[in-house]
Each structure stands twice: as C-alpha cells, then as structure tokens.
Amino acid sequence: MKNLKLGLLPTSLYFLCLFLFGATFSPAPPKVHTVEISQMRFNPDTLVVSKGDTIVFVNKDLVTHDVTEVSGKSWKSPALTSGDTWRMVALKTTDYFCSYHPVMKGKIEVK
Amino acid sequence: MKILKSISASAIGLLVGLTLLLTPALGQDNPTLSDAEVAHTAVTANQIDIDYAKLAQERSNNAEVLKFAETMANDHKAVIDQAVALVTKLGVTPEDNAVSKQLLANAEETKEMLRTKSGAAFNKAYIDNEVAYHKAVIEAVEGLLIPESENAELKSLLQSIVPALQAHLEHAQMVQAELNGK
C-alpha cells in the first residue's frame with residue numbers, strides 16, 4: 001500500500017500542475033457578439049473582438065441587407081432578408097459595408 | 001404651410017404640381033388626410049419609385065445605376081408589403097385621394113421625359129430625379145403623412161421608413177457624384 005501511495009503522488013502533482021497551468025495561461029474561450037442591423041445602421045458600427053470570436057449579424061430592418069468586406073473580395077454574407085441572421089468568425093481587423101446600401105458602414109477590430 | 005414651402009424648394013420639377021395640390025388638400029392650416037388616404041399616398045409614392053427603377057433596368061447599362069435601381073425596386077416593394085400587411089390587419093382600405101393623383105400625374109410626366117433619353121443622358125436624368133424625388137418624399141413623409149396619421153402603428157411604420165429613404169438619398173447622391181466624375 002505504501003508503494004502504491006508513493007506511486008500515485010507524482011501523478012497527482014502532474015494533474016495539479018496541469019490544472020494550475022491551464023487555468024493561468026490558456027486563452028479565453030471565444031465569445032459571441034451580436035451586431036443588430038436596424039434603422040439602416042450596423043449597431044454597434046465598430047465592434048472590438050478577440051481573434052476567433054463569433055459575430056452574429058441580425059437583420060431587424062424591413063429591407064434586405066448584407067455584410068460585405070470592404071474590398072468585396074475577401075468575404076461576403078448572403079442576402080439577409082428581414083429577420084435573417086448570419087454568423088462569422090473574426091480573424092482580422094476589417095472594414096465592411098452593405099452592398100445594397102453603400103452608405104451603411106461598419107468595422108470589426110480584432111485586438 | 002411651412003412644409004409646402006420646403007417641399008417646393010427641394011424638388012421644383014416634381015413638386016410644383018404637388019405643392020399646388022396640397023394647398024387645397026391641406027386647407028387653411030387644417031390638414032384633412034384620413035389614415036386610409038395616408039396609406040394610399042404612401043403606397044403610391046413607393047410604387048412610383050419602383051416604376052422609375054423598372055425604366056432604369058430597361059434603359060441603362062451602367063452597373064452602378066442598375067445596382068441602385070435593383071435596390072430601389074426591392075426596398076420599396078418591401079415597404080409596400082409592410083404597408084399592405086398593416087392596413088389589412090387594421091381593416092383599413094387605402095383610399096385614392098388628390099395627393100396620390102397628383103403624385104401619379106407628376107410621375108407620368110417624369111417617365112415620359114426619361115423615355116426620351118438614353119445612354120449617359122438617361123443615367124444622369126434618372127439619378128438626378130432619384131435625388132430630387134427622395135428629398136421630396138422625405139419632406140412629404142415627415143411633414144405631411146406622419147403628422148396626418150392618427151393610428152399609432154401607421155405612424156410608427158412611416159417613421160421607420162424615413163431612415164431607408166435617407167439612405168436611398170445618400171446612395172443616389174453617391175452615384176450622382178460618380179456620374180458627374182467627382
């Protein structure tokens with residue numbers, strides 16, 4: 001029994017260290033942020049997030065919108081009719097706009 | 001009467017007739033549009049811009065103009081659908097009236113003018129009219145239709161339309177500046 005207890009001790013210490021190390025140094029889990037599209041605006045129009053966070057766009061307007069990366073080439077949501085939602089994972093800072101209403105602009109800032 | 005002055009100042013071509021019409025319609029500072037007439041006027045104003053968009057889709061080859069026209073057709077259709085759904089729920093039958101009639105008469109003249117143009121001249125005439133029309137409609141919705149609405153839901157719907165009209169106006173002005181090479 002004595003040998004058995006001594007044998008378990010290093011294993012316990014290993015898991016204790018793993019727990020403490022993990023609790024101290026692992027990155028925060030990804031968050032989910034919401035951008036509401038209403039009154040022809042992205043609310044908030046500037047959103048600060050961490051890399052890997054999810055952003056959910058919710059269209060609460062009467063009319064169809066989309067979310068298009070500013071160059072129009074990197075990424076673009078499908079057409080979002082009233083009530084639709086679209087999710088994306090934030091990987092880098094970018095400006096975006098609504099391609100149907102180019103005066104509607106927003107920014108995702110990845111810190 | 002203040003609204004009459006500001007409307008006529010913002011879009012003379014479109015609104016000379018409308019202003020002349022609104023004077024008797026509003027009486028001596030005594031507005032008389034019923035909710036049924038407000039609803040009809042709102043639907044008419046939206047349908048007119050859809051008709052302009054259809055003309056643009058037939059006659060323009062400019063990508064920016066076509067994209068703008070497509071947005072106008074879709075957005076104003078969405079507004080009409082909301083208005084129809086609301087009046088159906090309220091049991092109101094939209095009622096033709098002098099303001100709607102004058103809007104349609106003016107629109108017919110504008111469409112005739114647009115049909116005589118093609119190419120760059122059409123694009124310029126269409127976008128110039130879109131800028132003037134949206135300015136005029138914003139003035140009319142804020143200065144006439146919203147104050148005239150008695151039903152709270154109708155008033156709220158009209159208020160919710162204004163930001164879209166303003167975004168359309170700014171978009172039209174962007175395209176106008178591009179067409180003018182600015």
Side-chain angles (χ1 to χ4, degrees), chain A residues 32-49 55-88 90 93-109, chain B residues 42-43 45-46 49-50 53 57 62-87 89 127 130-131 134-135 137-138 141-142 153-154 156-179:
Chain A
V32 177
H33 308 266
T34 300
V35 174
E36 187 177 300
I37 308 172
S38 61
Q39 302 284 288
M40 309 300 281
R41 289 180 181 279
F42 295 104
N43 301 304
D45 58 2
T46 297
L47 185 65
V48 180
V49 302
I55 305 169
V56 182
F57 291 87
V58 184
N59 183 7
K60 293 194 173 181
D61 254 342
L62 296 178
V63 300
T64 299
H65 293 293
D66 70 8
V67 189
T68 302
E69 183 269 335
V70 70
S71 74
K73 295 173 183 170
S74 180
W75 51 261
K76 180 176 184 170
S77 79
L80 305 173
T81 58
S82 184
D84 283 354
T85 62
W86 179 68
R87 303 165 79 89
M88 67 168 289
T93 294
T94 185
D95 292 313
Y96 64 86
F97 70 114
C98 169
S99 74
Y100 299 107
H101 311 98
V103 297
M104 294 172 57
K105 294 172 183 172
K107 184 183 184 73
I108 297 165
E109 205 171 305
Chain B
V43 168
N46 281 282
D49 207 48
I50 293 172
Q57 287 167 325
N62 181 290
E64 289 301 310
V65 170
L66 288 171
K67 179 83 178 168
F68 176 83
E70 183 186 6
T71 297
M72 293 308 103
N74 291 337
D75 284 7
H76 288 290
K77 173 73 165 53
V79 172
I80 289 175
D81 289 347
Q82 286 291 320
V84 169
L86 177 59
V87 295
K89 177 187 156 191
I127 288 297
E130 284 298 293
V131 170
H134 279 87
K135 280 181 182 173
V137 170
I138 289 167
V141 171
E142 289 184 328
E153 286 183 85
L154 179 59
S156 175
L157 176 63
L158 291 166
Q159 286 166 335
S160 73
I161 292 167
V162 174
L165 295 172
Q166 284 171 333
H168 292 171
L169 171 60
E170 289 172 42
H171 188 178
Q173 287 169 326
M174 279 174 57
V175 179
Q176 188 181 48
E178 284 170 24
L179 292 179

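Just so we're on the same page: letters track the sequence lines, and every chain starts at 1. Atoms considered below: every heavy atom in the structure, side chains included; atoms not considered: hydrogens, waters and symmetry mates.
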Closest approach of Ala167(B) to Met40(A) (non-hydrogen atoms, all atoms of both residues): CB-CE, 3.6 Å
Under 4.5 Å from a heavy atom of chain A, the part of Glu170(B) involved: both
Lys77(B) atom NZ: more than 12 heavy-atom contacts under 6.0 Å: no
Region of Asp75(B) in contact with chain A, defined by heavy-atom distances below 4.5 Å: both
Validation row: Pro163(B), Arg41(A) side chains within 4.5 angstrom (heavy atoms): no
Segment of His168(B) engaging chain A (4.5 angstrom heavy-atom cut-off): side chain
NE2-CE distance between His101(A) and Met174(B), expressed to the nearest 0.5 angstrom: 12.0 Å
Enclosure of Lys105(A) NZ (heavy-atom neighbours >12, cutoff 6.0 Å): no
Residue Ser38(A) versus chain B: region with a heavy atom under 4.5 Å: neither
4.5 Å side-chain heavy-atom contact, Thr71(B) and Val63(A): no
Rounded distance (nearest 0.5 Å) linking atom NE2 of His171(B) with atom OH of Tyr100(A): 12.5 Å
